[in-house]
Amino acid sequence: MEQKPKIMQLNEPELIQSIQSGKISICIIGIGRIGLPTALSFANSGLPTVGVDINSKLIEMINSKTFPLKDEPGYDVIFEKVTNDKFNATTKIQDVVPNSDVVILSLPTPMNENNVPDYSALLSVGKQLGELLNKDSLVIVESSVEPGFVENDLISAIENSQKKLVAGKDFAIGVCPETANPGQIMNDFEKLPRLVGGIDEKTTNTIMKIYKHVFTVDLIPMPNCKTANAVKLTTNVFRDLNIAFVNELAILFEKVGIDIMTVLEAAKTKYNFQVHYAGPGVGGPCLPVNSYQMINLAKNMGLTLKTVETGRIINESMPEHVIDLLQDAFDESGKSLVNSNVLILGISYKPDVKDIQITPAQIIIEKLRKLQVNVLIYDPYFKSTEVFGIQTESNLVEALQKTDALILVTAHKEFHDLDPTFLKSKMKTPIVIDSKCIIDQQASKNVGLVYRGLGRGKI
Ligand SMILES: NC(=O)c1ccc[n+]([C@@H]2O[C@H](COP(=O)([O-])OP(=O)(O)OC[C@H]3O[C@@H](n4cnc5c(N)ncnc54)[C@H](O)[C@@H]3O)[C@@H](O)[C@H]2O)c1
């Protein structure tokens, strides 16, 4: 039987030869939104790849050749091409890791109800790796973690096992933080440069060689894991903070009678202004979590990140502001919110994806329920299903006919052409709260809608 190459013992020409001849075996643990496209990219490059996940339903789906990520264009085709040949999936980590040269971790890194980062998935898999890793194999962390987590916590979890493996000696470890945007992962995998940091230079170089084979993007070597993770968090905290800034301006401009969209469109003509848009809150598995990871890191260092904490407070207050706009519109209409039917248009945390992780829509819905409002939901990605205990609508017109007020929460493509005349003709009563400023305010006024736009003064 041919001896399998031990990846961290190969010299550079051997490594390149092994990669190019598909002799390096890959295991990806966590094949969700990011891990599955990653696994498919590796398999599509000719490297035998196995996905591991604790979600047995997901594994069954994959192995029966049903592609689970319908909102990720392009990957359905690759899935069809590589599954069963170069790519398989299993729940049995113990069957895969001992036979893998490279183990990639794409596990969730959420936060708990107190906004404290929860690294339990990575730490529990880390423990398992300590028992299962092949000597001289390579672990790559793609999950978003705070700087220092790999060096201080994950390595310890792997090392503190019966096998007593030592990082840098018995196994190598590095990071390649994932930065793709859901809904456009293929596009981002082809365009966004990636950061690579390793426990030592050889590890960084090895990861660079492997990723160069799989992805066409630029790879940027970092001095270590924590710096690569710091870059990843910095870009997302930057966004979270800038959104908080425009959200704060939006509330001010509403009072002054200035349209935030007019301001932003003009402001972005200045070369050093990078535009961000106001909205009903900041959700998803990345931005809020990454800000709290940075806050947590600072706390552990005895520091307070005042701007980041303030940004979080502002962004987390936006659902309440949306309710204030709704209340104001009801007051103008002389109607009571109690027992009214309010339609939420869009529940995804961002446009054009089927994803409701940490979505502001959920907070808005909870607040409305406390006010004894009957909440209806229409979202093209969640038709005729139950979300947040509500049976969602399948038909927009029928939903509008039952509706006293709508709140546009997610700017899905389908909502960009909403015509005020159409809304007026269909809605039971004509109240429109536009938290993304995509409905024409003047036209809304002209046809007699009671319109409130987040960041828009009344006209
Ligand atoms: N989704 C994004 O927008 C995005 C973008 C960039 C980076 N990230 C980061 O990538 C990482 C993964 O995120 P995601 O969005 O793909 O998450 P996800 O929830 O879609 O996928 C994670 C997968 O891991 C599996 N899993 C959980 N615990 C496990 C365990 N112990 N063993 C095996 N499998 C397990 C889950 O069943 C799930 O399928 C996170 O750190 C996230 O912050 C996400």
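Below, all heavy atoms of this structure are taken into account, side chains as well, without hydrogens, waters or symmetry copies. Whatever order the structure lists ligands and atoms in, that order sets their numbers, starting from 1.
Between the side chain of His412 and the backbone N or O of Asp352 there is at least one donor-acceptor pair closer than 3.5 Å. With hydrogens and angles disregarded, a donor-acceptor distance shorter than 3.5 Å links the side chain of Ser106 to the backbone of Gly35.
With salt bridges taken as basic N to acidic carboxylate O contacts below 4.0 Å, none links Glu12 and Lys202.
Remark: ligand 1 atoms within the under-4.0 Å shell around heavy atoms of Ala180 are 5 (C), 6 (C). Taking every heavy atom of Ile29 and a limit of under 4.0 angstrom, the matching atoms of ligand 1 come to 33 (C). Near Val125, the atoms of ligand 1 lying under 4.0 angstrom from a non-hydrogen atom of the residue are 30 (C), 31 (N), 32 (N). Applying the 4.0 Å criterion to heavy atoms of Asn55 picks out, from ligand 1, the atoms 37 (O). Residue Gly32 has at least one heavy-atom neighbour below 4.0 Å for each of these atoms of ligand 1: 16 (O), 20 (O), 21 (O), 23 (C), 39 (O).
Under 4.0 angstrom from ligand 1, the non-hydrogen atoms of Cys286 all belong to its side chain. If you look at Asn290 next to ligand 1, there are no close heavy atoms at all, none under 4.0 Å.
Note on ring orientation: taking the six-membered ring where Trp is involved, the planes of Phe67 and Phe79 are tilted (angle from 30° to 60°).
Each of Lys413, Arg33, Lys350 was checked for a salt bridge (charged side-chain N to carboxylate O under 4.0 Å, His left out) with Asp71, and the lone residue meeting it is Arg33.
Under the 6.0 Å distance and 45° angle rule, Arg456 does not count as a cation-pi partner of Phe253.
Closest to atom 22 (C) of ligand 1 among all protein heavy atoms lies Pro108 CD, 3.6 Å.
Taking all heavy atoms of Lys57, Lys350, Arg33 into account, the minimum distance to atom 1 (N) of ligand 1 is reached by Arg33. The option from Ile54, Leu287, Leu58 that lies nearest to atom 32 (N) of ligand 1, judged by heavy atoms, is Ile54.
Per-atom contact check: atom 39 (O) of ligand 1 touches the protein, criterion being a heavy-atom distance below 4.0 Å.
What you find for Leu165 and Gly130 is that their closest heavy atoms are CD1-O, 3.7 Å.
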